[in-house]
**Student:** 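Let me begin by handing over the structure; questions about it come next.
For the single chain, residues carry numbers from 1 onward in sequence order. Both backbone and side-chain heavy atoms feed into the values below; hydrogens, waters and symmetry mates do not.
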Amino acid sequence: MPARAACITFDDGYADNFTVAMPILRDHGLTATFFVATGFLDGGRMWNDTVIEAVSHCGKSRLDLSEEGLGVHELNSAVTVRQAIMNILNEIKYREPAERRRTVDYIAAVAGVRLPNDLMLTSEQVRAMRRAGMLIGAHTVTHPILACLKPDEVRSEILDSQQFLESLLQERVSLFAYPNGKPNIDYRAGDAEVVRGLGFDAAVTTAWGVADSRCDLMQLPRFTPWDKTRLRFGARLIRNLWQNEQLRSGQMACP
């Protein structure tokens, strides 16, 4: 690897990966890996986006979700809307998938909002991205919290997404990203072994840090550049480099 090498990744499979991100990457002569949750291609919608769209476009000053134990949320400003969204997402994120789907449907029904069906990529857009030199990785079918699933369900989510993409692209899909990606919270060590057993070359987490030769290829660290300024982004890079030095000295360990 060259000095100061970096990999650019995008998760989930949003349509703006194709319409916004890819043109910017190509303008700069860059490529990236796009990890796609295959169950939402071609008109699907992730559960969190259903919540975001329902609350954002509710049109009411107050959203009463107390029937499902989710409280009453004031929606009279952009700040209160954002807070309501975060509170609801945090409350239902780790619920069992079927229960979470039912709860999300309830929220949409109470909000009375017409939900969009164009938030995610189409199959043809995925193929076009690969033809443009981008890499495509698996990201499960329905983006579940793997730590909440049984081992056979984990394997099915991962394998089915890999096989779908391989059929779509007519090539081997060798990279995987864990949904949410926090070690021991969103996925377990046993889930990483499932990924390894399915023959992936590497898998990425959302554990902060810089990867080196000591890291488990099935649990590579990443960080998200949420920062709005170069100064804050630079500070985050320094923190990751510091973590890497701690790793080399044996004071820290990769996931």
**Student:** Where is the tightest heavy-atom contact between F10 and A32, given as atom of each residue plus distance?
**Tutor:**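 Shortest heavy-atom contact: CE1-CB, 3.9 Å.
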**Student:** Short question: side chain of D11, backbone of F35 - any donor-acceptor pair under 3.5 Å?
**Tutor:**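 No; judged by distance alone, with no hydrogens or angles, the pair does not exist.
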**Student:** Under the salt bridge (charged side-chain N to carboxylate O under 4.0 Å, His left out) rule, what do E193 and R188 come out as? Steps first, then yes or no, please.
**Tutor:** CA-CA 9 Å; E193 292 308 308; R188 302 153 293 197; over 6 Å; no
**Student:** Applying salt bridge (charged side-chain N to carboxylate O under 4.0 Å, His left out), run through R45 and E53 and close with a yes or a no.
**Tutor:** CA-CA 10 Å; R45 185 176 53 254; E53 295 292 328; over 6 Å; no
**Student:** Look up atom CG in N117 and atom CZ in F40, then write down how far apart they are to the nearest 0.5 Å.
**Tutor:**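 Going from CG on N117 over to CZ on F40, the span is 14.5 Å.
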**Student:** Show the numbers, then the answer: is there a side-chain contact (heavy atoms from CB on, under 4.5 Å) between L169 and V126?
**Tutor:** CA-CA 8 Å; L169 301 173; V126 174; 4.1 Å; yes
**Student:** Do E74 and L63 come close enough that some side-chain heavy atom pair is under 4.5 Å?
**Tutor:**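 They are not in contact (no side-chain heavy atoms under 4.5 Å apart), so the answer is no.
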**Student:** Side chains of L41 and F164: does their closest heavy-atom pair fall under 4.5 Å?
**Tutor:**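 SC-SC contact between L41 and F164 confirmed.
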**Student:** Would you sort out whether E157 and T142 count as a side-chain contact (heavy atoms from CB on, under 4.5 Å), showing the intermediate values?
**Tutor:** CA-CA 7 Å; E157 280 279 346; T142 65; 2.6 Å; yes
**Student:** Is it true that V141 and V154 fall in one hydrophobic cluster, defined by side-chain heavy atoms closer than 4.5 Å?
**Tutor:**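 The answer is no; the residues belong to distinct hydrophobic clusters.
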**Student:** Between R102 and E96, does at least one N-O distance fall below 4.0 Å, as a salt bridge requires?
**Tutor:**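 Not counted as a salt bridge, because no side-chain N and carboxylate O are separated by less than 4.0 Å.
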**Student:** Please round to the nearest 0.5 Å and tell me the distance separating atom CD1 of I158 and atom CG of D191.
**Tutor:**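 With rounding to 0.5 Å, CD1 (I158) is 6.5 Å from CG (D191).
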**Student:** Is there a donor-acceptor pair under 3.5 Å between the side chain of T103 and the backbone N or O of E99?
**Tutor:**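 Flag set: sc T103 to bb E99 pair under 3.5 Å.
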**Student:** Considering non-hydrogen atoms only, spot the tightest contact between A211 and C215 and give its length.
**Tutor:**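 Smallest heavy-atom distance, with atoms named: CA-SG, 3.9 Å.
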**Student:** Decide yes or no for M134 and L25: does some side-chain heavy atom of the first lie under 4.5 Å from some side-chain heavy atom of the second?
**Tutor:**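 Counting from C-beta outward, M134 and L25 do come under 4.5 Å.
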**Student:** Around atom CZ of R131, are there more than 12 heavy atoms of other residues, nucleotides or ligands at under 6.0 Å?
**Tutor:**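 Atom CZ in R131 is crowded, with more than 12 foreign heavy atoms closer than 6.0 Å.
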**Student:** Any chance you could measure R239, atom CZ, to L237, atom CG, to the nearest 0.5 Å?
**Tutor:**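 Atom-to-atom, R239:CZ and L237:CG are 12.0 Å apart.
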**Student:** What distance do T50 atom OG1 and L119 atom CG have between them, rounded to the nearest 0.5 Å?
**Tutor:**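 Rounded to the nearest 0.5 Å, the OG1-CG separation comes to 8.5 Å.
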**Student:** With heavy-atom distances below 4.5 Å as the criterion, would you say the side chains of I107 and V110 are in contact?
**Tutor:**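 A side-chain contact is absent here, since even the closest heavy-atom pair is not under 4.5 Å.
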**Student:** Could you check whether atom CZ of R155 has more than 12 heavy atoms from other residues, nucleotides or ligands sitting under 6.0 Å from it?
**Tutor:**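 No, not enclosed.
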**Student:** Would you say the side chain of I136 lies within less than 4.5 Å of the side chain of L168, judging by non-hydrogen atoms?
**Tutor:**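 No, every pair of side-chain atoms sits at 4.5 Å or beyond.
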**Student:** Donor-acceptor pair, S66 side chain versus V72 backbone, under 3.5 Å?
**Tutor:**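 Not confirmed, S66 side chain does not pair with V72 backbone.
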**Student:** Is it true that W47 and I85 fall in one hydrophobic cluster, defined by side-chain heavy atoms closer than 4.5 Å?
**Tutor:**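 Yes, it is one cluster - the side chains of W47 and I85 are joined through contacts under 4.5 Å.
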**Student:** Is M120 reachable from V20 through a run of I, L, V, M, F, W or Y residues, each pair having side-chain heavy atoms under 4.5 Å apart?
**Tutor:**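 Hydrophobic grouping puts V20 apart from M120.
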**Student:** Grab the two heavy atoms, one from A138 and one from S161, that are nearest each other, plus how far apart they are.
**Tutor:**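 Looks like CB-OG, 3.5 Å.
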**Student:** Report, as yes or no, whether the 6.0 Å neighbourhood of atom CZ on R172 holds more than 12 heavy atoms from other residues, nucleotides or ligands.
**Tutor:**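 Enclosed.
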**Student:** side-chain contact (heavy atoms from CB on, under 4.5 Å) for D16 and T19? Distances and angles first, verdict last.
**Tutor:** CA-CA 5 Å; D16 61 10; T19 59; 3.9 Å; yes
**Student:** Using the rule given for side-chain contact (heavy atoms from CB on, under 4.5 Å), can you reason through T33 versus V204, listing the C-alpha separation, both sets of side-chain angles and the distance that settles it, and then say yes or no?
**Tutor:** CA-CA 11 Å; T33 300; V204 293; over 6 Å; no
**Student:** Indicate if L89 and V104 have the same hydrophobic cluster label, given that clusters are the connected sets of ILVMFWY residues with side-chain heavy-atom separations under 4.5 angstrom.
**Tutor:**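 Yes, it is one cluster - the side chains of L89 and V104 are joined through contacts under 4.5 Å.
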**Student:** Do L146 and P144 come close enough that some side-chain heavy atom pair is under 4.5 Å?
**Tutor:**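 Touching, per the 4.5 Å side-chain cut-off.
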**Student:** Keeping Q162 on the side-chain end and V173 on the backbone end, is there a donor-acceptor pair under 3.5 Å?
**Tutor:**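 Answer holds: yes.
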**Student:** Quick test of your reading of the model: are K93 and D186 salt-bridged, counting only N-O distances below 4.0 Å?
**Tutor:**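 Judged by the 4.0 Å cut-off on N to carboxylate O distance, K93 and D186 do not form a salt bridge.
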**Student:** Is F176 close to T140 at the side-chain level, that is, under 4.5 Å between some pair of heavy atoms?
**Tutor:**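 SC-SC contact between T140 and F176 confirmed.
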**Student:** Might you point out which heavy atoms bring T205 and G181 nearest each other, and give the distance in Å?
**Tutor:**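 The pair with the smallest heavy-atom distance is CB-O, 3.4 Å.
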**Student:** If I compare all heavy atoms of R236 with all of P225, which pair ends up nearest, and what's the gap?
**Tutor:**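 Result for this residue pair: NE-CA, 4.5 Å.
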**Student:** Could you go step by step and tell me if N76 and S61 meet the side chain to side chain donor-acceptor pair (under 3.5 Å) rule?
**Tutor:** CA-CA 5 Å; N76 47 27; S61 61; over 6 Å; no
**Student:** Heavy-atom count check: over 12 atoms from other residues, nucleotides or ligands less than 6.0 Å from E67 CD?
**Tutor:**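 Open: at most 12 neighbouring heavy atoms sit under 6.0 Å from CD of E67.
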**Student:** Quick check: is Y94 connected to L70 through a chain of hydrophobic side chains (ILVMFWY, heavy atoms under 4.5 Å apart)?
**Tutor:**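 No, L70 and Y94 fall in different hydrophobic clusters.
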**Student:** Does any part of the side chain of D49, heavy atoms only, come nearer than 4.5 Å to the side chain of Y14, both counted from C-beta?
**Tutor:**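 In contact.
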**Student:** Considering residues at least two apart in sequence or located in another chain, which fulfil the side chain to side chain contact (heavy atoms under 4.5 Å, CB included) criterion with V113?
**Tutor:**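 Result, side chain to side chain contact (heavy atoms under 4.5 Å, CB included) vs V113: H57, A111, L115.
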**Student:** For the pair E68 (side chain) and L65 (backbone), establish whether a donor and an acceptor sit closer than 3.5 Å, ignoring hydrogens and angles.
**Tutor:**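 Not a single qualifying donor-acceptor pair exists.
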**Student:** I need the N17 CG to M22 CE distance, nearest 0.5 Å.
**Tutor:**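 CE of M22 is found 10.0 Å from CG of N17.
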**Student:** Drop me the distance from H139's NE2 to D12's CG, to the nearest 0.5 angstrom.
**Tutor:**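 Separation between the atoms: 4.0 Å.
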